[in-house]
Number of protein chains: 2
Amino acid sequence: MLQAKEVTQILRAHGYKVTPQRLAVYHALARTTAHPQAETLYAELLPLYPTMSLATVYKTLGILCEVGLAQELNVGEDAYRYDANTALHPHICCRVCGRVDDVSGLSLTGLQREAASCTGYEVTEQQVYFYGVCPACREQELRDEAGQRKVH
Amino acid sequence: MLQAKEVTQILRAHGYKVTPQRLAVYHALARTTAHPQAETLYAELLPLYPTMSLATVYKTLGILCEVGLAQELNVGEDAYRYDANTALHPHICCRVCGRVDDVSGLSLTGLQREAASCTGYEVTEQQVYFYGVCPACREQELRDEAGQRKVH
DNA sequence: CAATAACAAATAACGATTATCTATTTATAA
DNA sequence: TTATAAATAGATAATCGTTATTTGTTATTG
């Protein structure tokens, strides 16, 4: 998570003005690893910035992605998610509760090179998404099964 | 690409009726490797089935995904793409022309196991997307650069 | 201090997808 | 084959995430 000073520098370097709203969106995003949607960030910021509009959140997120302070995720929901961690790393999404977590400790740079040689593309980016059931939901499922067995 | 008879069996086995429209959507999708959007399939089918509506295409694609005859892709566009090849394989998307190709010859099963052990999730699916510039667009870019040099 | 440009907020617009409703078609068994 | 019940297709409208537009405000520069 970058400091306000660094964020300011980066925005200015790309010709964008620095406003309290923009810093607030960045810090709300950088403070969490929950990969929120625009709507979630908006709801979180509204108490602090009662005049902020959802359109401003979207526009700011677009700018943050453009200048390399965030990345956009799409796990197949109806809405985008955002991540202030722009390092190359996979994400994993729980099919039960919908949470999205980072996956750290997988080396993916080899994949990119392989993909380039398979396809003839010049490969510049990649996104890796896993889907399954998170630990909390797995436990819940085990509890549910146990409960059902008692009923029978 | 499965034959109509097999598709019929699979749909019936899942309790769905088999209609000319459903077979047509499946075959239009299975015939191509371009990973079309619903709109594209609709435009392709309209001359053959003048009464078909876009809603029917969407509903049919949803059913095909549910019964395992297709999968849904999302490379970050505003619309979903669909693929009748349901085997686990990555996709690669050209940032210039937007085309989406299959990547074959990458082994991904190890990744899934690694992700499970990193996160504690039970991992059931994955999607791998690469982004870059396709061979055709790379050539075009080279030609454009050559042209610019002449002008100077 | 004036002039200019960029901005935030509000609103409307847009477009992909889904829900609803009705007439039609399919599957099934007599 | 044909009658019947259930499921479907198509038309239409609705929904919702996202983007464009407009207008008044703020910040910056000379």
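First the proteins, then the strands, lettered A, B, ... as listed; each starts at 1. These values consider heavy atoms only, across backbone and side chains, with no hydrogens, waters or symmetry-generated copies. Not measured: the values here are computed from a predicted model.
Proximity of B/Q21 to the phosphate of D/dG10: a side-chain N or O atom is located under 4.0 Å from OP1 or OP2. A sub-4.0 Å separation between OP1 or OP2 of C/dC7 and a side-chain N or O of A/R22 is present. For the OP1/OP2 pair of C/dT26 and a distance below 4.0 Å, the side-chain nitrogens and oxygens of B/R12 include no atom meeting the criterion.
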Start with the C-alpha distance between A/R12 and A/Q9, add both sets of side-chain angles, then the distance that settles side chain to side chain donor-acceptor pair (under 3.5 Å), and finish with yes or no. CA-CA 5 Å; A/R12 289 241 173 86; A/Q9 283 183 345; over 6 Å; no

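Within the nucleic acid shown, B/T56 comes within 4.0 Å of at least one base atom, counting heavy atoms only. Note on A/P20: nothing from the nucleic acid sits closer than 4.0 angstrom, heavy atoms only. Within the nucleic acid shown, A/A55 comes within 4.0 Å of at least one base atom, counting heavy atoms only.
For A/L46 and C/dA9, the CG to C1' distance is 12 Å, given to the nearest whole Å. When rounded to the nearest whole Å, the span between NZ of A/K59 and P of C/dA10 equals 12 Å. Summarising the geometry, the separation between CD on B/E77 and C1' on C/dG15 is reported as 14 Å, rounded to the nearest angstrom. Rounded to whole Å, atom P of C/dA9 lies 11 Å from atom CG of A/L45. Summarising the geometry, the separation between CD on A/Q37 and P on D/dG17 is reported as 8 Å, rounded to the nearest angstrom. In this entry the distance linking NE2 of A/H14 with C1' of C/dC7 reads 19 Å, nearest Å. Rounded to an integer number of Å, the gap from OH of A/Y58 to P of D/dC16 is 13 Å. Going from atom CZ of A/R81 over to atom C1' of D/dG17 covers 14 Å, rounded to whole Å.
Side-chain contact between A/L2 and A/L69 is present, with at least one heavy-atom pair separated by less than 4.5 Å.
Position along DNA chain D of the nearest nucleotide to A/Y82 versus B/T19 favours B/T19 as the more 5'-ward residue. Residue whose closest nucleotide on DNA chain C sits further toward the 5' end, between B/A38 and B/T8: B/A38. Comparing A/I63 and A/P50 by the nucleotide of DNA chain C that holds the closest heavy atom to each, the one mapping nearer the 5' end is A/I63.
Between A/H35 and A/H89, the ring planes lie tilted relative to each other; the angle falls in the 30° to 60° range.
The side-chain hydrogen bond (donor to acceptor under 3.5 Å, both in side chains) pairs that include a residue from residues 60-82 of chain A are A/Y16-A/E66, A/Q37-A/E77, A/Q71-A/Q127, A/E72-A/Y82, A/N74-B/N74, A/E77-A/R81, where partners are two or more places apart or lie in different chains.
Checked against C/dT17, D/dG17, D/dA7, the side chain of A/D78 finds its nearest nucleotide in D/dG17.
Here B/D83 contributes atom CG and B/L29 contributes atom CG; the two are 6.5 Å apart, rounded to the nearest 0.5 Å.
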